[in-house]
Amino acid sequence: MDPLIQATIPGIRQGMSTLGIEEDDWGSLLGPSTVSDHGDLAMACHSLARVLRKSPVDIAEDICAAITPNLKGFAQVTSMNGFVNIKATNSWLSERVTEVASDSRLGITKAEIPRTIAIDYSSPNVAKEMHVGHLRSTVIGDALARILSYQGHTVIRENHIGDWGTPFGMLIEHLLDLGEAEAGGEISVGDLDSFYKSARGKFDEDSDFAARSRARVVLLQSGDEDTLHLWKVLVNESTRYFNEVYRLLDVLLVDADLMGESAYHPLLPSVVSRLSDAGLLEESGGADVVFPGGHLNREGEPLPLIIRKGDGGYNYATTDIACIIDRIERLNADDLLYVVGTPQSRHFEMVFEVCRMAGLLGAGHRSEHVNFGSVLGSDGKVLKSRSGSAVKLVDLLEESISRATAVVDEKNPGLGEDEKNQIARSVGIGAVKFSDLSNDRTRDYVFDWSKMLSFEGDTSPYLQYAHARICSIFTKVEDSNWVDYPININDHYEGRLARSLLSYRDSFESSARDLMPNRLCTHLLAISSAFTSFYENCPVLIVEDPEVRNGRLRLCDATARSLKIGLSLLGIDAPERM
RNA sequence: GGGCGUGUAGCAUAGUCUGGAUAAUGCACCGGCCUCCUAAGCCGGGGACCGUGGGUUCGAAUCCUGCCGCGCCCGCCA
């Protein structure tokens, strides 16, 4: 209830000064109440006892008496157990929530100073299947892209696909063995696992094939035209497949966001020369490296970041630095976000540190590894595509849509085929995305079909359902008398709903600031829950008093828009019927 | 061995940054609610020594620290 703090702080300040209590002493004591029955805000007075040499109970009473007159109209003040409790009045709530309801952004303001933010996310590998593990980066990155855009920042989506490196030798040779048309077909229908595994299998077992593969890598690196053509076939068929998954998932990523590893390949020599010019490059074990410091290997010796391998080749650290240079210098990015799994945290620490040492990243840049935990199998171990237990992302999505179809059929049989399919898609995809987004991204989680595909409880279908119910109310409204009608909070349930709407901005900003979509998820659930309670207890259309009816309609409208916007920021549809 | 992270009802999680009163939510479980605006819902109930031992504090799930469990990382894969 930040708005209430803003509203009451002048009165509190004045009251405190008449009591001679310093703001340094009480400023940090005011916060949201932990016991909602007692009020919206609370101030624990126990730490003031030492300063004032009085009991907390007496102090709370004194403060209560001193600030009560100043908060008249805003809030009721009481004291209990050494706490000052401040509870918003219905009239204040009514005014504020009417204000928020009048705002198309529901009180969420844009950033004062917009920044240019490059977000690196999704990053599947060419000729490799997308498994549930890819869901996290794709869905979290996409939500952050939407959230930061909504704040008015310039967001540059970067899909850093794995389209370069030694595996391409074997992939291209396998492509040749199969024949271009055949291989292209296999990839474009999404049978990437078998393609990759066959190539891998031949590489491991057939020494002749392995030799051809190694030779092919050399040809690729040297820019041989035929080889590049074959490589391009793999990349094109794969990206076509990725796009199908992205469309199904309903994420923002399009071809223009593709910036694969290969795109940075020509820049790698300059990374070496720039680090060398900065005096950072050292020779170690035949490789060119930089020691960022602070990291040790198993023997307790400084751990280097390898820039150029002993054989003259480059690896991912070099590409990542080239990437940073490109994003800073060509795209003028202020912030660099990498939605990549936690296991790579050391890598990013080292890369960022080297870039700061080299002056490539300055004080004005924010570079952040937006890490996320691993998806675990029921055995508690990380799901690996090779273990066989990994679930294909498309299979998960299709299963979710098919379950949603069954539920929609059952709950709302009157819908037409097209609308039903559209709703099932929104519900099914939303459920999968929300189950991922609503968890703290930094924690691992155990993959669980039934939980991921659940449509009850704390899920996106619950949010979508609340939204659809409100839309249904408005299909029965024929007048527009309610549109500019002031909201009048009288009832307990109205108050709870109004409070959740007023806290929307806080939650959104916390979510955006810490790049934690789960905070927004939690708040949308709170709004929904407040709404459904309200809806069960407060008749809207069937109430006789037009003032009550109109005010409640506006509350409904503001709730629907909060949910619709909130869901859209998570990349989830809000159908009007379901 | 070193580093990083993590541990909250049977299960899954929120809360931890910024310490406050009775630890919040969902699933599962028990009991109610559709002649009434969408029951994918609502109302009520049981269920937690917040991993564990210390410390700081008037006050600790939250801060510091020891230990235990688990996960990840520790030089030429990405």
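Lettering of chains follows the sequences in order, A, B, ..., and the numbering in each one begins at 1.
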Which part of the nucleic acid, if any, lies within contact of [X], taking any heavy atom under 4.0 Å across all strands shown: a base, the sugar-phosphate backbone alone, or nothing?
X        : result
A:Pro304 : base
A:Gln344 : base
A:Ala287 : base
A:Cys521 : nothing
A:Ser123 : nothing
A:Ser345 : nothing
A:Arg519 : sugar-phosphate
A:Leu296 : sugar-phosphate
A:Tyr535 : base
A:His347 : nothing

When the [atom1] atoms of [M] and [N] are compared, how many Å lie between them, rounded to an integer?
N      : M      : atom1 : value
B:rC36 : B:rG47 : P     : 37 Å
B:rC64 : B:rC77 : C1'   : 39 Å
B:rU8  : B:rC70 : C1'   : 16 Å

Sequence neighbours left out, what passes side-chain contact (heavy atoms from CB on, under 4.5 Å) with [X]? Give chain and number order.
X        : value
A:Asn518 : A:Asp440, A:Met516
A:Arg346 : A:His295, A:Leu303, A:Met350
A:Val548 : A:Val543, A:Asp545, A:Arg552
A:Ala44  : A:His46, A:Phe83

Glycosidic conformation of B:rC36, taking syn as within 90° of 0 and anti otherwise: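 Glycosidic conformation of B:rC36: anti.
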Find every protein N or O atom lying less than 3.5 Å from an N or O atom of nucleotides 31-36 of chain B, and list the pairs.
none

Interatomic distance where CG belongs to A:Asp506 and P belongs to B:rU18 [whole Å]: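 Interatomic distance, CG of A:Asp506 to P of B:rU18: 17 Å.
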Any [X] side-chain N or O less than 4.0 Å from OP1/OP2 of [N]:
X        : N      : value
A:Tyr462 : B:rA39 : no
A:Arg469 : B:rA40 : no
A:Thr342 : B:rC72 : no
A:Arg298 : B:rG3  : no

Ion pair present between A:Asp409 and A:Lys420, side-chain N to carboxylate O less than 4.0 angstrom?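 Looking at A:Lys420 together with A:Asp409, the answer is yes, because their closest N to O distance falls below 4.0 Å.
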Short N/O separations, protein against nucleotides 24-26 of chain B, under 3.5 angstrom:
{"unit_1": "B:rU25", "atom_1": "O2'", "unit_2": "A:Asp458", "atom_2": "OD1", "d": "3.2"}
{"unit_1": "B:rU25", "atom_1": "O2'", "unit_2": "A:Asp458", "atom_2": "OD2", "d": "2.5"}
{"unit_1": "B:rG26", "atom_1": "O4'", "unit_2": "A:Asp458", "atom_2": "OD2", "d": "3.1"}
{"unit_1": "B:rG26", "atom_1": "O2'", "unit_2": "A:Asp458", "atom_2": "N", "d": "3.4"}

Calculate, to the nearest 0.5 Å, the distance between atoms CH2 and CZ belonging to A:Trp231 and A:Arg216 respectively. 14.5 Å
Does any pair with a residue in residues 31-56 of chain A pass salt bridge (Lys or Arg N to Asp or Glu O under 4.0 Å), and if so which ones, sequence neighbours excluded?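 Listed by first then second residue: A:Asp40-A:Arg499, A:Lys54-A:Asp62.
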Inter- and intrachain pairs under salt bridge (Lys or Arg N to Asp or Glu O under 4.0 Å), touching residues 458-481 of chain A, at least two apart: A:Arg469-A:Glu536, A:Asp479-A:Arg549
Going by the side-chain hydrogen bond (donor to acceptor under 3.5 Å, both in side chains) test, which pairs reach into residues 303-314 of chain A, not counting sequence neighbours?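 Matches after skipping sequence neighbours: A:Asp288-A:Arg308.
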Tell me whether A:Phe83 is stacked on the nucleobase of B:rA21, counting only the six-membered base ring and applying the 5.5 Å and 30° thresholds.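 The ring of A:Phe83 is stacked on B:rA21.
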Pairing residues for A:Asp436 by the salt bridge (Lys or Arg N to Asp or Glu O under 4.0 Å) criterion, not counting sequence neighbours: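 Partners of A:Asp436 by the salt bridge (Lys or Arg N to Asp or Glu O under 4.0 Å) criterion, ordered by chain and then number, come out as A:Arg136.
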Return the set of residues passing side chain to side chain donor-acceptor pair (under 3.5 Å) with A:Asp557 (not counting sequence neighbours), or none when no residue passes.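 By the side chain to side chain donor-acceptor pair (under 3.5 Å) rule, A:Asp557 matches A:Arg561.
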Side-chain donor/acceptor contact of A:Tyr316 with base of B:rA78 under 3.5 Å: yes
Mind telling me whether A:Phe534 and A:Phe531 have parallel, tilted or perpendicular rings, with 30° and 60° as the class edges?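 If you compare the ring of A:Phe531 with that of A:Phe534, the planes turn out tilted.
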Give me the stems containing RNA chain B, sorted by first residue, counting only three or more consecutive Watson-Crick or G-U pairs with both distances under 3.5 Å; say none if there aren't any. B:1-7 with B:68-74, B:10-13 with B:24-27, B:29-33 with B:41-45, B:51-55 with B:63-67
